[in-house]
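Input: a single structure, listed below in structure tokens.
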Amino acid sequence: MSIQLPIAGAVGAAAVEARRAGAPAWLAERRSAAWEAFTELPMPSPQRDEDWRRTDVSELRLEEYIADPGTAAAGEALLQAMSQLRLRAAPEAAFVASTRRGLRRREGTDMLDAQGVIICSLDDAAVQHPEQLRRALSTVPPEESKFLALWNALWRGGCFVYVPPGVEARVPVWAAHTAAGAGAAIFPATVAVLDDRASLTLIDVYASPAGDDDMVSVAATPLVLGEGARLDYCLLQQWGMGTWHVATHRASAGRDARLRFFGATLGARLQKAYWEVLLDGQGAEATLTGICFGDGAQHLDHQSLQDHRAPQTRSDLLLKVAVRDEARSIYGGLIEVQRRAQQSDGYVQNRNLMLSRGARASGIPRLEIKADDVRCSHGVTAGHIDNDQRFYLESRGVPRAEADRLIVRGFMQDALDRCPHQGVRELLTELLDEEIAGHPVAGVSSDEDVA
Amino acid sequence: MPERPTLVVEGLHAAVEGKEILRGVDLRVPAGEVHALMGPNGSGKSTLAYTLMGHPKYEVTGGRAGFDGHDLLPLSADERARLGLFLSFQYPTAIPGVTTVNFLRAALKALGKELPARQFLQTLSSEMATLKIDEGFRARYINDGFSGGEKKRMEILQLAVLRPRMAILDETDSGLDIDALRTVAEGVNRVIGEDIGILLITHYSRILEYLRPDAVHVLHHGRVVASGGHELARRIESEGYDPILGAAAGAPA
Ligand SMILES: Nc1ncnc2c1ncn2[C@@H]1O[C@H](COP(=O)(O)OP(=O)(O)OP(=O)(O)O)[C@@H](O)[C@H]1O
Ligand SMILES: [Mg+2]
């Protein structure tokens, strides 16, 4: 029998202790409780957990990844690459960037500062705006799952945004999360609380250097929309090809609130992402739109929840997936309509395009409807590039590769059109073109290899 | 005098899903001429069109097809298009998400006929005006939700913009109202010239009154069974195919 010594900075009790130090009591306690929950909860298994039937993380040894990189990692070049991405898509946006070492950049916030919008790390929010942070964190309880427990125990830095009542944030907030180096573990945290009638565009980006360094990212994004609040949320997942990524994006929408959720999944070796909206207030509505491009051996899993908990709520989800090579896409979606949520509408559509023989995609939406006066529907399709469409383009001289590019882009177009931020839409269009042309865009380019 | 670029089809056999449809088609269409191809439903006209354009579903089982001295059969569809071939589809395919303007730009580029953006848009505008196509169609997705007549106009718009050297028009006149038929026929007329040949598949002599074919051929059971001048089309219109096919069937093979 051999005794394994903990690796310095690894995911473990010492890393939790490091985060408890200096935290307010409520947060220190929360972290301890979360760590305890993490150690007690079993790793999800395809046999036991319905959610995880098709996504196997049993090989993932969380305790072997490094949460605290010590002093070696500077990450300046990587932060610069993240900033470049922002300048390309949304130069007007306030920019907040985090690495494993916490919040590292906060730029261009003047206009929002003047409006009274609060933008800071979660650590600072825990001290200065505990009520708002706790309100948001209460929607992502540690006991719920192994990964949420771990996230609650170990998040650091991150991006906290609070928009006061009636304030329409004039520029978007761009939250970047980045890490680099084999063995890195990062716990990205983006939290937004929009008070009544507030509005905000929030762009949430996850990226690491291109390449296939073995890393893990466990993320959570609690989003709280007060009465009549409006949130446009854009998510770009561009981890390098060696990253395991498990994320919970969960929005709760108050009365007459409106959420436009747009997610793009391009990177990671394996992703399990929960996209969830809880329609808590009467008249709340949400559109959820996703584009996903998988290649190589990527395994990309999206799990959505549209929970109608109040009358006259509306939700509409569209997920477009293209997979190539040996890539695999899994989609599971649930529309739940509670008994009191009369006169609600909920829609789900998942369209999959398989570009190679070895690529596979499946979609299984479910409806659970407890009210009687509702309209709900779901649709899933999966297919290959249509030969007649390809021939039509070729008959005009367009070579096969370009014809396919046009068709795949065309396939994604209606989803892209739903992206609420024009610059992000244009960036995604370009990234997608690169993906389709066979240059995977997982990761950003940077000379730096550790952060 | 050098021979004009010519579409040459000799003894062409083709099968679809294992079933032989073309059974020895012979045809010569030189640039500068308009040839009409008629024939009963199911006689193989569209099959010939697809086979010449290189649709992978149609398998050539014998014979030859060439254009301008090149063997067409080993070429992919896009290579044939770059050689100057064009097909106006009987049933144009919708491609959601791909706008007409982007598609035409990609096609021109592929054909090596790229225009500066401004000039391209001007050309497109003026061709659309001539064909009475609303400007809004530029940004619409190819054939997506178009009416039958709109699709046919759009095919001719592509013909006008892409300027091929040999155009096969498969029932471009079907499903058009009287005014649209004239517009489309005029559109075709404008591209007709010394440097383009046209193989016009049709059921009606009406469009031929506009386009004045140099020859009319009748396809039956996958073979050209009769050829003649414009009067052949008129005769088919008034008497139907029976007398011609009867005579052809009676003739020694
Ligand atoms: N994909 C296919 N599978 C099976 N049979 C086919 C296929 N395509 C064509 N055929 C058959 O080939 C024959 C010729 O069809 P084609 O479409 O070429 O006729 P056509 O002369 O163009 O007729 P129309 O005047 O109605 O357009 C028909 O019997 C048709 O059913
Ligand atoms: Mg036909």
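Reminder, nothing fancy here: chain letters follow the sequence lines and each chain counts from 1.
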Chain A: which of B:Lys57, B:Gln158, B:Lys109 shares the most heavy-atom pairs with it under 4.5 Å?
-> B:Gln158
Distance from B:Met53 atom CE to A:Glu394 atom CD, nearest 0.5 Å?
-> 9.5 Å
Select, from A:Ile407, A:Val398, A:Asn387, the one with the greatest count of heavy-atom pairs under 4.5 Å involving chain B.
-> A:Val398
A:Arg396 side chain to B:Phe86 main-chain N or O, any donor-acceptor pair under 3.5 Å?
-> no
Measuring heavy-atom distances to chain A, does B:Leu104 have an atom under 4.5 Å in its side chain, in its backbone, in both, or in neither?
-> neither
Decide whether A:Asp388 and B:His55 meet the rule of one side-chain donor and one side-chain acceptor closer than 3.5 Å.
-> yes
B:Asp78 side, atom CG; A:Leu393 side, atom CG - distance, nearest 0.5 Å | 10.5 Å
Mark yes when over 12 heavy atoms from residues, nucleotides or ligands other than B:Arg140 sit less than 6.0 Å from its CZ; otherwise mark no.
-> yes
Under the ring-ring contact (aromatic ring centres under 6.0 Å, His included) criterion, do B:Tyr91 and A:Tyr392 qualify, and how do the steps go?
-> CA-CA 10 Å; B:Tyr91 304 108; A:Tyr392 189 84; over 10 Å; no
Considering only heavy atoms and a distance below 4.5 Å, find which of B:Phe89, B:Phe103, B:Tyr141 pairs most often with chain A.
-> B:Phe89
Tell me, for B:Glu79 versus chain A, whether the close heavy atoms (under 4.5 Å) come from the side chain, the backbone, both or neither.
-> neither
Please name the pair of heavy atoms, one in A:Ser395 and one in B:Ala81, separated by the smallest distance, quoted to 0.1 Å.
-> O-CB, 3.4 Å
Heavy-atom pairs under 4.5 Å with chain A are the metric here; pick the option from B:Asn102, B:Leu87, B:Leu162, B:Leu111 that has the most.
-> B:Leu87
Going by residue number, which parts of residues 408-415 of chain A are within reach of chain B, meaning a heavy-atom gap below 4.5 Å?
-> A:Gly410, A:Phe411, A:Gln413
Below 4.5 Å from any heavy atom of chain A, which atoms of B:Pro164 appear? Answer side chain, backbone, both or neither.
-> neither
Min side-chain heavy-atom separation B:Ile95-A:Leu406 under 4.5 Å = no
Which atoms of A:Gln389 approach chain B - backbone, side chain, both or neither, heavy atom under 4.5 Å = both
Determine whether more than 12 heavy atoms belonging to other residues, nucleotides or ligands lie under 6.0 Å from atom NZ of B:Lys132.
-> no
Should we count CZ of A:Arg314 as having more than 12 external heavy atoms under 6.0 Å?
-> no
At their closest point, which heavy atom of B:Ala110 faces which heavy atom of A:Gly397, and how far apart are they?
-> CB-O, 3.1 Å
